[in-house]
Enquirer: 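One structure is given below, represented as structure tokens, and several questions about it will come after.
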Amino acid sequence: MGRRQGGRQGSHQRRSRGYFSRGGSSMGPTALEGDQPYRTAYAADLSEASVGERIRLAGWVARRRDQGGVYFFDLRDASGVVQVVIDPAEVPAARDLRAEYCISVEGPVRLRPAGMANPDLATGAVELAADQLGVLSRSEPVPFIIDDRAEADERLRLEYRYLDLRRPRMAKNLRARSLAAAAMRDTLGRRGFLEVETPTLIRSTPEGARDMLVPSRLRRGDFYALPQSPQLFKQLLMVGGVDRYYQIARCYRDEDFRSDRQLEFTQLDIEGAFWGRDGVFETLEAVVQAVVERLRGVTLEPPFPRLTYAEALLRYGTDKPDVRFGMEISDLSDAFLKTKFRAFAATLEDGGVIRGFNAGKQEMSRSQLDGLATRAKELGAKGLISAVAEEGGTLRSQTAKHLSEFETAAIIEDLKGQPGDLLLLVADTAAVAAQVLGQLRLQLGRPDRHDDLSFLWVIDFPVFDEVEGGGLAPSHHPFTAPVDLVEMRERPRTAIAKAYDLVLNGSELGSGSVRIHDPEVQQEVFDILGISADESERRFGWFIKALRYGTPPHAGFALGVDRFLAILQQETSIREVIPFPKTQTGIDPMTGSPTAVDPVQLAELGIELRAGVDADDPDREDG
RNA sequence: GGGGGCGUGGUGAAGCCUGGAGUUCACGCCGGCCUGUCAAGCCGGAGGUCGCGGGUUCAAAUCCCGUCGUCCCCGCCA
């Protein structure tokens with residue numbers, strides 16, 4: 001584009017009002033042969049206003065309806081669908097059209113006869129009466145129907161992803177993704193953020209997730225890692241005086257797949273100098289608001305509510321609560337201080353808790369209740385107590401006979417039990433009770449769809465989590481600033497960090513923190529993590545060195561773009577908003593990757609495959 | 001690493017529990033009819049290693065074991 005063309009271009013100027021031109025696009029017609037454009041409009045452009053115009057469309061044959069004397073088909077292009085009517089006597093080539101043929105058709109737009117409009121189609125009032133047809137490209141019969149209503153096996157969809165992407169739903173998701181990215185860039189650009197790229201071949205820092213490694217040819221035996229996030233580089237940009245940074249960054253974590261996890265995924269990465277939590281929140285809220293506005297046409301009303309980590313665990317049993325519904329968990333321990341019910345008394349003596357929530361009127365059968373109890377045990381509880389509130393302030397439950405009147409009344413009152421409500425109680429350690437009740441709460445109350453958008457900041461995360469064996473690991477990452485240095489030194493297990501998550505409908509959308517900008521503090525954190533000065537020098541020395549040169553206080557955030565989009569698009573898996581995702585086993589069925597490589601390539605890298613892992617080895621260890 | 005669901009003409013399903021002839025439904029494909037259809041309709045036709053391997057049985061899509069693929073979940077994901 002941009003080169004000057006003859007005056008004929010002017011005859012297509014009405015394209016500027018077309019489907020893809022709303023944002024001021026300069027996309028014009030493309031020359032076919034000579035001066036013939038492939039198209040003069042998009043399908044979605046046609047309306048009553050186009051009646052009488054002679055239009056050329058290009059796209060795919062979506063559905064063919066052969067009436068003998070007259071043919072109808074839906075022509076689908078990137079904008080949508082419009083019906084084409086064609087007389088095979090006039091255009092014999094129409095007889096040979098098949099599904100997914102790529103064609104160009106031309107003719108007058110006309111109003112459909114009375115009663116023949118299709119209200120289900122945006123362009124259903126009109127049709128293109130084609131008198132010219134060009135087959136640009138034929139198609140073999142497709143392996144699955146290109147239609148949102150047809151379910152196709154996921155593996156097959158990925159093998160023929162290019163066909164899958166023709167489905168309106170997938171096209172819509174791709175488009176949403178582009179709009180979201182534009183809204184992010186727009187919002188941040190206006191606020192003075194600089195879009196900066198960081199390297200994707202970086203030093204491995206074996207912390208957190210497993211690194212994806214890339215062998216070096218120039219330095220055989222050495223490896224780059226693909227970034228798990230641009231974390232350290234964006235902090236170095238702060239040292240470098242960038243002040244406000246963002247990047248829509250590809251990140252890589254070599255962990256097992258889930259419906260919301262892929263080996264490679266996209267984050268909106270943000271960092272700012274002389275910045276703190278509230279600044280981060282305000283900016284993220286603006287970004288999220290812009291994206292939601294663009295994709296949903298819904299105006300959010302920031303600020304988003306905030307909940308502390310401790311409160312989230314207590315009331316919802318998770319650090320990413322779905323607050324679209326109630327069923328909040330209550331701690332009932334105090335009501336049982338003098339209980340004669342041995343199971344409860346023993347739990348409290350051991351420092352445990354008794355918590356429960358009101359699941360509402362569930363009308364569950366005995367076997368369904370048993371299923372809940374089984375689920376509770378799978379989640380680690382010793383047991384699950386279920387009770388149904390009855391008229392007259394009593395409980396229908398196998399446990400009822402062990403409870404005093406006071407205790408029964410307390411349960412009903414604290415859980416606001418109305419007659420018929422199912423009340424679920426767990427007596428266990430605080431962690432187990434939270435985990436079990438939190439899961440059951442989701443199972444019983446969580447809405448399936450994502451129509452409502454319930455954003456929530458979870459704040460005041462702990463600095464460290466206890467890991468198996470009693471050691472400590474960073475709750476967020478080791479560059480997160482503690483709220484209070486003394487507290488962190490003296491009570492690291494309970495110390496609070498300046499770390500926060502953004503949660504949407506029970507999904508963790510992203511997390512961030514105020515960072516450590518003092519090299520001494522950074523070293524202290526490494527000490528608590530059990531990383532010696534020598535070791536931290538070896539692994540992170542290059543980074544700590546940078547902190548010694550007048551590092552500004554800084555803070556930031558990373559937003560999971562794939563998860564955000566999946567929720568906004570009402571998809572249950574991020575695969576639906578990723579153009580070319582991988583299967584759960586890390587395979588791309590279309591290209592067949594990953595594959596073995598030529599031994600010459602390995603030799604150049606100084607790599608020799610161990611017996612048992614060679615793809616050509618019949619006794620290979622894994623699949 | 002562990003648990004679970006699914007795998008049946010090109011596609012999606014039913015059949016499997018309770019073994020008895022590759023049986024059924026819808027879509028697609030091929031041929032025919034049809035001038036207002038719109039997931040068109042009607043008639044006819046082709047199309048199968050029931051994922052793969054082993055076992056049980058007179059007999060396996062069906063039962064058992066293993067394996068591969070795929071999806072969901074636990075672990076893991078600073």
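Below, chains carry the letters A, B, ... as their sequence lines are ordered, and counting in each starts from 1.
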Enquirer: Hey, are A:Arg149 and A:Asp147 close enough for a salt bridge, meaning a charged N less than 4.0 Å from a carboxylate O?
Expert: yes
Enquirer: Could you tell me which nucleotide pairs with B:G69 by Watson-Crick or G-U wobble geometry, both distances under 3.5 Å, or answer none if nothing does?
Expert: B:C6
Enquirer: Going by the rule side-chain hydrogen bond (donor to acceptor under 3.5 Å, both in side chains), which residues pair with A:Glu159 if we only count those two or more places apart in sequence or in a different chain?
Expert: none
Enquirer: Please measure how far the P atom in B:G7 lies from the corresponding atom in B:A61, and state the result in whole Å.
Expert: 15 Å
Enquirer: If pairing requires Watson-Crick or G-U wobble contacts with both distances under 3.5 Å, which nucleotide is the partner of B:C58?
Expert: B:G20
Enquirer: Looking for any heavy atom pair under 4.0 Å, which part of the strands does A:Arg210 touch: base, sugar-phosphate only, or nothing?
Expert: nothing
Enquirer: side-chain hydrogen bond (donor to acceptor under 3.5 Å, both in side chains) with A:Arg166: which residues, sequence neighbours excluded?
Expert: A:Glu100
Enquirer: Mind checking if A:Ser229 touches a base, just sugar-phosphate, or nothing, with heavy atoms under 4.0 Å?
Expert: base
Enquirer: Using only heavy-atom distances, decide whether a donor-acceptor pair under 3.5 angstrom links the side-chain of A:Arg98 to the base of B:G28.
Expert: no
Enquirer: Under 4.0 angstrom, heavy atoms only, what part of the nucleic acid is A:Pro478 near: base, sugar-phosphate, or nothing?
Expert: base
Enquirer: Check the orientation of A:Phe540 and A:Phe526. Use parallel for under 30°, tilted for 30 to 60°, and perpendicular for over 60°.
Expert: parallel
Enquirer: Could you identify which residues of residues 553-564 of chain A place a heavy atom less than 4.0 Å from some atom of RNA chain B, listed by residue number, or say none?
Expert: none
Enquirer: Is the charged tip of A:Arg64 near the ring of A:Tyr71: under 6.0 Å from the six-membered ring centre and within 45° of its axis?
Expert: yes
Enquirer: Nearest whole Å is fine: how far is B:G69 P from A:Leu158 CG?
Expert: 15 Å
Enquirer: Who passes side-chain hydrogen bond (donor to acceptor under 3.5 Å, both in side chains) against A:Asp131, sequence neighbours left out?
Expert: A:Arg54
Enquirer: Mind checking if A:Asp465 touches a base, just sugar-phosphate, or nothing, with heavy atoms under 4.0 Å?
Expert: nothing
Enquirer: Does the structure show a Watson-Crick or G-U wobble partner for B:C42, both distances under 3.5 Å? Name it, or say none.
Expert: B:G32
Enquirer: Please list, pair by pair, any protein nitrogen or oxygen found under 3.5 Å from a nitrogen or oxygen in nucleotides 36-39 of chain B.
Expert:
residue	atom	partner	partner atom	Å
B:G36	O6	A:Arg110	NH2	2.8
B:G36	N1	A:Glu127	OE2	2.9
B:G36	N2	A:Glu127	OE1	2.5
B:G36	N2	A:Glu127	OE2	3.2
B:U37	O2	A:Arg65	NE	2.6
B:U37	O2	A:Gln83	OE1	3.3
B:U37	N3	A:Gln83	OE1	2.8
B:U37	N3	A:Gln83	NE2	3.0
B:U37	O4	A:Gln83	NE2	2.8
B:U37	O4	A:Arg112	NH1	3.2
B:C38	O4'	A:Arg65	NE	2.8
B:C38	O2'	A:Arg65	NH1	3.3
B:C38	O2	A:Gln83	OE1	3.4
B:C38	O2	A:Asn118	ND2	3.0
B:C38	N3	A:Arg112	NH1	2.6
B:C38	N4	A:Arg112	NH1	3.2
B:C38	N4	A:Met116	O	2.4
B:A39	O4'	A:Arg149	NH2	3.4
B:A39	O3'	A:Arg63	NE	2.9

Enquirer: Is it true that A:Arg98 and A:Glu140 make a salt bridge, defined as a side-chain N closer than 4.0 Å to a carboxylate O?
Expert: no
Enquirer: Partners of A:Arg261 by side-chain hydrogen bond (donor to acceptor under 3.5 Å, both in side chains), sequence neighbours excluded?
Expert: none
Enquirer: Taking atom OH as the centre, does A:Tyr224 end up with more than 12 heavy-atom neighbours from other residues, nucleotides or ligands that are less than 6.0 angstrom away?
Expert: no
Enquirer: Could you tell me how far B:G9 sits from B:U23 if I compare only their P atoms? Round to whole Å.
Expert: 15 Å
Enquirer: Between the base of B:C77 and the side chain of A:Arg261, is there a donor-acceptor distance below 3.5 Å?
Expert: yes
Enquirer: Determine the interatomic distance between P on B:C73 and the same-named atom on B:U37; round to the nearest Å.
Expert: 45 Å
